[in-house]
Amino acid sequence: MSTFRALRIDKGDGGQTVSTVDFDEADLMDGDVVVRVSHSTVNYKDGLAITGKSPVVRRFPMIPGIDFAGTVISSTSSEFAAGDGVILNGWGVGETHLGGYAEIARVPAGWLVPLPANMTPAEAMAIGTAGYTAMLCVMALERHGVTPERGPVLVTGASGGVGSVAVALLAKLGFDVVASTGRPEEAEYLKGLGASSIISRDELATPGKPLQKERFAGVVDSVGSVPLANAIAQTISGGAVAACGLAAGMDLPTSVAPFILRGVSLLGINSVTVPKPIRIEAWSRLARDLDRDKLKALTETIGFDDIVPTAKAILEGKVRGRVVVEI
Ligand code: NDP
C-alpha cells in the first residue's frame, strides 16, 4: 500500500483545517515498526487536537489520534515481528509524531506495547489512553496504601472515559466507589459500572474551605480546578488523590492545609512518557482487573467519518464512556 486513508490536520494563514486524505507511506515519520492500524479511539486530547482548542498539535501536517491498536506489518526491531498485535498510547503520537487516525503508522519499537494475549485490538482501544490512565491512577493509589478497608474512593468526571473505566476498575477491586457527575441521567449507567453512590458535580463546584469533612480514602480526578480542590479538602488523613485531568480547568485553588495537617498526598499522573515496564504492567492489570462486560457497556463504536463530530462532542462533555474508532 503506497497510499492509505488518513485524517490530516493542516495549518495555514486562515488557521487549522482537518480533512480525509490519501496519505503517502513515504511521508510517514521515522520508526522501526510499521503497523496496520485496525482501531483507534477519541480521547479528550484528540478533541483538543482536532478542534485546535488547545495547541496540542506541535507539527503540521499532523495525523491526529493519540492511540491505536493493530498488527505489525514489518519491523526492523528484534522486539516485534510481522503479525504481532500491538498497542500504542502516548509518546506524542498525534501531537508531534503522525498518529492513529490512519490505516498505517510507523513508530519506534520502544513506544509499542504487545497486545495482551486475552485482549482484542477493539477491547484495547475501548480502554485506550483514557482507560490506561485510569489504571495508572488506581496503581498510584494502591502504591500509596489506599485499600477498600480505608474508606470510599471518589471518581470525578465519572461518566467520561477516564472516569467510567476508573469506576469499573475500582468496583472490581472491591472499593466503595462514589461517582461525581454533572449528568444525573447517567446515574443508572454509573451504578451498572459498579458505583455504590452518585453525587452531583455541583457538590464540588463551589470554592470551599481548605479542610472539609473527611470522606474519601482516595480520589481519581480527571477534572482539576475547584472540584479537585474540594476533593483534596474531603480526603481523610493519610489518604491520596490521583490527579490526571483538566476538564473543569487547569487551575488548582487549594492551600497546603490538607497536605500539612492531614498528610494528604497529591499524586500527579502523566500517561504520555511512562516507562515501558510500567506500561506493560498497567496493560496486564487492565487485561486482568477490568470486567469485559462493563467495558462493553461503557463503549460506543464509530466509523472513520464520525471522528471529527465526536472530537467536538467530547469537549462539550457530551460523550459517555469510551469511543472506539474502526479504522
Ligand atoms: P471525557 O470528556 O471523556 O471525560 C471528562 C469528564 O469530565 C466529562 O465526561 C464530564 O463528566 C466531566 N466534565 C466535563 N466538563 C466538566 C466541567 N466543566 N466541570 C466538571 N466536570 C466536567 O475525557 P477523558 O476521560 O478522555 O479525559 C478526562 C481528562 O483527563 C481530560 O482533561 C484529559 O485531558 C485528561 N487526561 C490526561 C491524561 C494524562 O496523561 N494526564 C491522559 C488521559 C486523559 P460528567 O458528565 O460525568 O461530570
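Only this structure's heavy atoms are used, side chains among them; waters, hydrogens and symmetry mates stay out. Every number for a ligand or one of its atoms is a count from 1 in the order of the listing.
Side chains of Thr41 and Arg322: a donor on one and an acceptor on the other come within 3.5 Å.
Interface of Ala248 with ligand 1, defined as ligand atoms under 4.0 Å from a residue heavy atom, comprises 17 (C), 18 (N), 19 (N), 20 (C). Heavy-atom proximity to Gly245, at under 4.0 Å, picks out these atoms of ligand 1: 29 (C), 30 (O), 32 (O), 35 (C).
Under the 6.0 Å distance and 45° angle rule, Arg320 counts as a cation-pi partner of Tyr189.
Shown are Val37, Ile327, Asn89; of these, the side-chain contact (heavy atoms from CB on, under 4.5 Å) with Phe68 is made only by Val37.
Under the 4.0 angstrom criterion for non-hydrogen atoms, Lys45 is not in contact with ligand 1. Ligand 1 is approached by Ala158 to a heavy-atom distance shorter than 4.0 Å.
Residue Ala130 has no nitrogen or oxygen atom sitting less than 3.5 Å from a nitrogen or oxygen atom of ligand 1, judged on distance alone. Where the criterion is an N or O separation shorter than 3.5 Å, residue side chain and backbone included, Thr181 meets it with respect to ligand 1. Between Thr129 and ligand 1, no N or O atom pair is found at a separation short of 3.5 Å.
Contacts between Leu246 and ligand 1, counted as non-hydrogen atom pairs separated by less than 4.0 Å, involve both the backbone and the side chain. Within the 4.0 Å heavy-atom criterion, the part of Ile269 lying near ligand 1 is the backbone and not the side chain.
Met139 is listed as a side-chain neighbour of Met135, based on a closest heavy-atom distance under 4.5 Å.
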